[in-house]
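Sequential numbering from 1 along the given sequence is applied to the chain's residues. Please read these numbers as outputs of a predicted model, since none were measured by experiment.
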Amino acid sequence: MYGSEKVPDDSERTAFRKAEKKYKLYYDDTSKSSKKKKQPKPVDLSEVLDFKFILESYNQNGDLPPGILSLQSDFNIPVFSLESRPGFYFIPGALSLEEQCQWIRESLTTFPQPPNRTNHNAFYGPINDLFIAAKEKKVLVEEGNGPTSLDSKCNPSDSNVDVHGWEFYEGHAVSSRGNACKSILASVLLRKLRWSTLGLQFDWSKRNYNVSLPHNKIPDALCQLAKRMAAPAMPKGEQFQPEAAIVNYFGIGDTLGGHLDDMEADWSKPIVSMSLGCKAIFLLGGKSREDPPLAMFLRSGDIVLMAGDARQCFHGVPRIFTEKEHAEITPLELQFSHGDDRCFLEYISTSRININIRQVF
């Protein structure tokens with residue numbers, strides 16, 4: 001059935017879809033040797049806006065490319081906007097290296113913790129301490145009849161017991177049982193982590209916020225950061241009230257298709273979007289998928305604000321750069337290269353994390 005479906009050619013794709021295809025990761029298949037590491041196909045990046053370069057040029061001589069404006073703000077770095085996309089703001093290098101490391105740690109250790117929900121909830125239920133379990137090379141095991149279904153020597157982790165019949169066990173204990181029960185490596189689950197939700201919980205099946213779901217408030221430090229960063233996009237005299245956040249996790253080849261964030265009540269309030277980890281390409285389209293999108297680089301520490309008219313613009317992430325020469329995360333690598341922080345380096349060296357904070361009501 002699937003093989004007979006017609007694949008659309010470029011003339012049938014929307015302008016946004018064409019841009020997604022242009023920047024998406026494809027591998028060069030000219031090498032027939034399976035032993036040779038696959039190489040990404042070259043991609044033309046000449047039309048991608050580079051706000052790091054724009055910032056450097058602006059600081060040196062005050063020049064800006066046509067269509068790009070610099071706003072007056074209380075920040076010690078410029079806030080850029082686009083004439084063609086009112087309500088869109090770009091703050092390059094908004095987060096210090098220490099702040100980037102802090103929020104990478106929180107995104108991997110704290111933010112996926114119950115009652116916060118993740119994409120794993122639907123199948124495994126809430127999972128405690130996933131990052132720690134991955135670090136300790138544990139295995140999540142389905143318990144058909146409770147803990148006694150495994151040999152007594154398969155001792156579950158005291159801090160990682162899940163209420164939905166799945167428990168973390170030491171890897172050697174599970175391997176001794178062979179294929180007697182369903183199991184998955186914690187490290188695989190970590191790599192399959194796609195999103196977690198903070199504050200008011202978003203119900204993906206109904207595409208709305210479910211205030212009845214158990215939740216914790218967004219951490220105060222993240223709230224204060226979001227309030228400060230949202231200021232350039234806020235209506236005069238109002239303060240941003242962070243009520244929910246979605247954390248997106250990207251691995252090699254992952255993308256985020258073109259979409260609108262339209263479930264919040266007041267679009268005059270911005271979405272505050274923080275980039276962490278590997279460099280990415282962000283597409284900012286118009287109010288129709290037929291509007292050609294602007295492409296721009298997002299680097300670790302950059303913050304994007306989308307408010308007002310910009311909330312009606314389709315946007316997405318067609319590419320992250322995980323190759324060492326293009327990821328641009330050397331400062332993070334140096335910061336995470338010591339002691340217990342190396343486990344964060346192992347993850348972030350081929351990943352991107354995006355934290356987007358919203359005012360729901």
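Under the rule for a ring pair (Phe, Tyr, Trp, His ring centres under 6.0 Å), Phe297 has no partner lying at least two apart in sequence or in another chain. Scored by the ring pair (Phe, Tyr, Trp, His ring centres under 6.0 Å) test, Phe336 finds Phe344 as partners (sequence neighbours excluded). Scanning for ring pair (Phe, Tyr, Trp, His ring centres under 6.0 Å) contacts around His120 gives Tyr124, with sequence neighbours left out. Thr322 meets the side chain to side chain contact (heavy atoms under 4.5 Å, CB included) test with Ile252, Cys278, Ile320, Thr350; sequence neighbours excluded. With sequence neighbours excluded, the residues satisfying ring pair (Phe, Tyr, Trp, His ring centres under 6.0 Å) with Phe90 are Phe51.
Looking at Leu305 and Ile91, their side chains come closer than 4.5 Å, going by heavy atoms from C-beta outward. Asn356 is not listed as a side-chain neighbour of Val247, based on a closest heavy-atom distance of 4.5 Å or more.
Nearest heavy atoms, Gly277 versus Ile329: O-CG2, 3.3 Å. For the pair Gly316 and Phe16, the tightest heavy-atom approach, listed with the atom from each and the gap, is N-CZ, 3.8 Å. Residue Pro242 comes nearest to Ile357 through the heavy atom pair CB-CG2, 3.6 Å, listed as atom of the first residue, atom of the second, then distance. Between Phe282 and Met306, the shortest heavy-atom distance links the atoms CZ-SD, 4.1 Å. Summarising the geometry of Ser183 relative to Val139, their closest heavy-atom pair is CB-CG1, 3.6 Å, with the distance given to 0.1 Å. Residues Pro318 and Thr255 share a closest heavy-atom pair of O-CG2, 3.2 Å.
Residue pairs meeting the side chain to side chain donor-acceptor pair (under 3.5 Å) criterion with at least one member in residues 67-84, sequence neighbours excluded: Tyr58-Ser70. Sorted by first and then second residue, the side chain to side chain donor-acceptor pair (under 3.5 Å) pairs involving residues 283-309 (not counting sequence neighbours) are Asp50-Arg299, Gln100-Ser300, Arg299-Glu328. Sorted by first then second residue, the ring-ring contact (aromatic ring centres under 6.0 Å, His included) pairs that include residues 203-238, not counting sequence neighbours, are Trp195-Trp204, Phe202-Trp204, Phe202-Tyr209. For residues 252-276, the ring-ring contact (aromatic ring centres under 6.0 Å, His included) pairs, not counting sequence neighbours, are His259-His315. For the side chain to side chain donor-acceptor pair (under 3.5 Å) condition, the pairs that include at least one residue of residues 329-341, sequence neighbours left out, are Arg105-Asp341, Lys324-Glu333.
Counting heavy-atom neighbours within 6.0 Å of Tyr26 OH, excluding the residue itself, gives a total above 12. Within 6.0 Å of CD on Glu323 lie more than 12 heavy atoms contributed by other residues, nucleotides or ligands. Few gaps surround CZ on Arg311; more than 12 heavy atoms of other groups in view lie less than 6.0 Å from it.
Cation-pi geometry between Arg319 and Tyr23 is not met: the NZ or CZ atom fails to fall both under 6.0 Å from the ring centre and inside 45° of the normal. The cationic atom of Lys138 (NZ for Lys, CZ for Arg) does not lie both less than 6.0 Å from the six-membered ring centre of Phe168 and within 45° of the ring axis.
There is a side-chain donor-acceptor pair under 3.5 Å between Ser196 and Tyr249.
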Enumerate donor-acceptor pairs with a distance under 3.5 Å from any side-chain N or O in residues 226-241 to protein atoms, sequence neighbours excluded.
unit_1, atom_1, unit_2, atom_2, d
Glu238, OE1, Lys269, NZ, 3.0
Gln241, NE2, Gln239, O, 3.4

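Of the residues listed (Leu332, Ile353, Asn354), the one engaging Leu276 in a side chain to side chain contact (heavy atoms under 4.5 Å, CB included) is Ile353, and it is the only one. Of the options Ile246, Asn216, Leu213, Asn121, a side chain to side chain contact (heavy atoms under 4.5 Å, CB included) to Gln201 is made by Leu213 and by none of the others.
Annotation for Leu334: hydrophobic cluster partners, listed by chain and number, are none (ILVMFWY side-chain heavy atoms under 4.5 Å, direct or chained).
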